[in-house]
Amino acid sequence: MSFDRMWAELAPVGRAADGGYHRYTWAGADTDARAWFTGEAAARGLDVRTDRNGNLWAWWGGPGPGAVATGSHLDSVPDGGAFDGPLGVVSALAAVDELRARGVRPARPLVLAVFVEEEGGRFGVPCLGSRLTAGEISPERARGLADADGVTWAEAMAAAGHDPDLIGPDPDTLASLDVFVELHVEQGRALEDTVHPVGVASAIWPHGRWRMDFTGRADHAGTTRLADRNDPMLPFAHAVLAARAQAEEHGARATVARSVIVPNGTNAIPSLVSAWLDARADSEDTLTAVVEGVRARAEAAAREHGVGVAMTAESRTPLVSFAHGLRDRLAAVVGTRAPDPRVPVLPTGAGHDAGVLAAHVPTAMLYVRNPTGVSHSPKEWARPDDCHAGVLALADVLQDLLARPVGEVAP
Ligand code: HGY
Ligand code: MN
Ligand code: MN
């Protein structure tokens, strides 16, 4: 199966000595990974195009209406794993090879997509490429997003040779898609407890990111009396603990994993602490309750210490419930090759481009078993045999969707 050669070729791109991945949009390794994908697609005779937002689309026949689309992303979180994103991209290329080996000649276009900035690892908003294409973030806001060095999306995109003035909704591309299927490594270990190498997604939890800015007063760590301090680290610390407490109380997920401390000196009480809350829950109301609980604790602690606080939503994604008819159709197709026809149908707390597209195009997801269940870490893993099972399942699903358009059956 061509998967193994491609996987081995892509694996070193952006991998650090400790095995963690550093692929950030419009920068070195991500650019190299995009070039690798473009070469593989072109070698298969696919017509590779970059859309106005920087997403890659590799067409087998077309562009044209009624297209069956599959794909994922190549960018990573800092020190990320090898599979989150690339598994869906490499599996899509291998599925094309599998379909051709079966003699499939699609009557409608098949297109492979690689979305930019899915992780938001450089510019802070996840699924930025698919959100722009879906019209779910304003081009003005996107252009102004900046990385840790203050480089904006517009500057980075222009430096990569793309015109940031063109970014924005792409309804024509979305209208040309009959369906989008994303294959992704499972970010959890539900499948590991089953006989199934491949599962089907049922839903994506509501989730989002909130920025918290704690404004204090810089002063000397050694001479400033405690009563005279306005130390932003203290409400920041309360917010971190409140996130955990709210998650426990509501059966949700809440994490503060990123902060910027100014001036970040060992002996200087900070003037400013910025921190980001990542919160996710199984319902909109619960998510709101978690976030408002953290906000209330952060504000109370800020008042107690004479510190200013501002908390703003940077992204929020509503509950995605994948179309039941399509979900069940994929489960039936995957079940024909599975060890047991009752294929697991699973919800996830992880966001995906499929979750963004689901409001615009019939969308579904396949998961490939991850024995560690770990993701966003070099320990993320999937067995080679399970990756092969994922390619075969994806090829089966694409073949079924090419033969019988979703538009023809009730979603
Ligand atoms: O954060 C997420 O859920 C995804 O990996 N972007
Ligand atoms: Mn991810
Ligand atoms: Mn991903």
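Below, each value reflects all heavy atoms present in this structure, side chains not excepted, and no hydrogens, waters or symmetry copies. This structure is a prediction, so every number in the text was calculated from the model and none was measured. Position 1 is the first residue of the sequence; numbering continues from there. Ligands are counted one by one from 1 in listed order, and the atoms in each one are counted from 1 as well.
In summary, the atoms of ligand 1 found under 4.0 Å from a heavy atom of Glu118, numbered by their order in the structure, are 4 (C), 6 (N). Of all atoms in ligand 1, numbered sequentially from 1 with element shown, those under 4.0 Å from a heavy atom of Ala350 are 3 (O). Interface of Glu119 with ligand 1, defined as ligand atoms under 4.0 Å from a residue heavy atom, comprises 4 (C), 5 (O), 6 (N).
Side chain to side chain, Asp84 and His73 meet the donor-acceptor criterion of an N or O pair below 3.5 Å. A donor-acceptor contact closer than 3.5 angstrom links the side chains of Asn55 and Thr133. If you check the side chains of Arg52 and Thr173, you find no donor sitting under 3.5 Å from an acceptor. The closest side-chain donor-acceptor pair between Thr194 and Arg342, if any, does not fall under 3.5 angstrom.
For the pair OE1 of Glu119 and NE2 of His376, the angle at the Mn ion (ligand 2) is about 90°; rounding is to 10 degrees. Of the angles at the Mn ion (ligand 3), the one spanning NE2 of His184 and NE2 of His73 is 120° when given to 10°.
Under 4.0 Å from ligand 1, the heavy atoms of Arg280 that appear belong solely to its side chain. Only the side chain of His376 comes within contact range of ligand 1, with a heavy atom under 4.0 Å; no backbone atom does.
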side-chain contact (heavy atoms from CB on, under 4.5 Å) evaluation trace for Val307 with Val273: CA-CA 10 Å; Val307 169; Val273 175; over 6 Å; no
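Taking any N or O of Asp278, backbone or side chain, none lies under 3.5 Å from an N or O belonging to ligand 1. In terms of polar-atom proximity, Arg209 is not counted as a contact of ligand 1, lacking any N or O under 3.5 Å from an N or O of the ligand.
The distance from the Mn ion (ligand 2) to the nearest N/O/S atom of Asp84 is under 2.8 Å.
Annotation: atom 4 (C) of ligand 1 to nearest protein heavy atom, Gly351 O, 3.3 Å.
For the pair Val343 and Ala331, the tightest heavy-atom approach, listed with the atom from each and the gap, is CG2-O, 3.6 Å.
In this structure, His207 falls outside the shell of residues with a heavy atom less than 4.0 angstrom from ligand 1.
At least one cation-pi condition fails for Arg280 and Trp205: the charged atom is not both under 6.0 angstrom from the six-membered ring centre and inside a 45 degree cone around its axis.
The existence of a salt bridge linking Glu192 and Arg383 is confirmed by a sub-4.0 Å separation between a basic side-chain nitrogen and an acidic carboxylate oxygen.
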